[in-house]
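Shown next, in C-alpha cells, is the structure this report addresses.
All values below were derived from every heavy atom in this structure, side-chain atoms included, with hydrogens, water molecules and symmetry-related copies excluded. Here the structure is a predicted model, which is why all the values come from computation and not from measurement.
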Amino acid sequence: MLIGQGADAFAVEQDLEQADPSWFFTERRWRGLVNALEAQGLPVPERPAGAPSAGAQADLPAPPLNERKFGTVGAVALDSEGRLAAATSTGGMTAKRWGRVGDVPVIGAGTYASNIDGCAVSATGSGEYFIRATVARDICLRTAISGDIQSAADAEIRQVGELGGDGGVIALDVEGNVVFSLNTSGMYRGAVASDSEARVAIYGDED
C-alpha cells in the first residue's frame, strides 16, 4: 500500500500521466476545505499555485444535491463465466489527517470479492468504522452462510452504525442479484446487465 510521496514517485516510475494539483481545483471544493479546516481550528494552506482566481468559476452550475455525500466511486461485477470482481476509488474525506488511509484500499474492509463465497462488495463512508467491522469481507461470509446478500449487507451496515460510523455498500451475488444498504440520507447508484436496461437511483434510501 503506497501513499503520499511514495505513491507519487512510483507513479512517475511507471510513466503514468502526471497532472499539476491545480488541474483538479474547483472553487466549491476549495471553499469546503477551508470551512472544514477553520471549523477544526487547523491552519489553511496557501491557495494552489495556478488555480483559477476566486471569481473565475462563479458561473459554473451548482451541484444538483447538497454536499453531504462522499467522493467514492465503486463497482461490483459478474462476468459471463460467473466470476465476481469489485473495485473502489475514493475522493477521501474533507480535511482528513495527513497520511490517513481509509477503508477503501483495505481488502476486506471497503472492497472484497470472492467466487467461493459468491459475493462482491464495494463500500463508502466512515472508513475507520468499516475497517473495524471488516464490512466487505463479512458481507461475503454472511452471504455464503445464509444465501441472502441483502440481509448480509443490512447486518453489516447496522454494525457500522452501532460503532458510530455511517456509509453504505453496493453488493452483488453469484446469481446476479444487485443490492445496496446504507445508513445515510442517500447514495448515488446504478446497475446494468447484458440482458436488461440500465437502472439508476439518483438519491435516497426509498428509491
Taking only residues two or more places apart in sequence, or in another chain, which ones meet Glu46 in a side chain to side chain contact (heavy atoms under 4.5 Å, CB included)? none
Hey, is the main chain of [Y] close enough, under 3.5 Å, to the side chain of [X] for a donor-acceptor pair?
| X | Y | answer |
| --- | --- | --- |
| Arg47 | Pro52 | yes |
| Asn177 | Asp148 | no |
| Ser146 | Arg142 | yes |

Approximate separation, where rounding is to 0.5 Å, of [X] [atom1] and [Y] [atom2]:
| X | Y | atom1 | atom2 | result |
| --- | --- | --- | --- | --- |
| Ile139 | Cys119 | CD1 | SG | 6.5 Å |
| Glu128 | Phe130 | CD | CZ | 11.0 Å |
| Asn183 | Asp154 | CG | CG | 10.5 Å |
| Leu33 | Arg28 | CG | CZ | 13.0 Å |
| Gln18 | Asp8 | CD | CG | 7.0 Å |
| Met187 | Thr124 | CE | OG1 | 8.0 Å |

Evaluate whether atom CD1 of Ile116 has more than 12 neighbouring non-hydrogen atoms of other residues, nucleotides or ligands under 6.0 angstrom away. no
Does Gln40 CD have over 12 foreign heavy atoms under 6.0 Å away? yes
Is there a path of hydrophobic side-chain contacts, each under 4.5 Å between heavy atoms of I, L, V, M, F, W or Y residues, that connects [X] with [Y]?
| X | Y | value |
| --- | --- | --- |
| Ile3 | Phe10 | no |
| Val106 | Leu2 | no |
| Leu141 | Val160 | no |

Indicate the atoms forming the closest heavy-atom contact of [X] with [Y], along with that distance.
| X | Y | result |
| --- | --- | --- |
| Ala136 | Tyr112 | CB-CB, 3.6 Å |
| Ala133 | Leu163 | CB-CD1, 4.1 Å |
| Trp23 | Ala19 | CB-CB, 4.3 Å |
| Val178 | Ala191 | CG1-CB, 4.4 Å |
| Ala113 | Ala86 | CB-N, 3.8 Å |

Looking only at the side chains, is there a donor atom on one of [X] and [Y] sitting less than 3.5 Å from an acceptor on the other?
| X | Y | result |
| --- | --- | --- |
| Ser126 | Asp166 | yes |
| Asp117 | Thr143 | no |
| Thr88 | Ser122 | yes |
| Ser22 | Asp20 | yes |

In plain terms, say whether Glu156 and Arg137 are close enough for a salt bridge, that is, a side-chain N and a carboxylate O under 4.0 Å apart. no
Taking it one step at a time, do Ile157 and Val169 satisfy side-chain contact (heavy atoms from CB on, under 4.5 Å)? CA-CA 8 Å; Ile157 292 300; Val169 298; 4.0 Å; yes
Does Arg83 reach the side chain of Leu78, with side-chain heavy atoms less than 4.5 Å apart? no
Less than 4.5 Å apart, side chain to side chain, heavy atoms only: is that true for Ile149 and Cys140? no
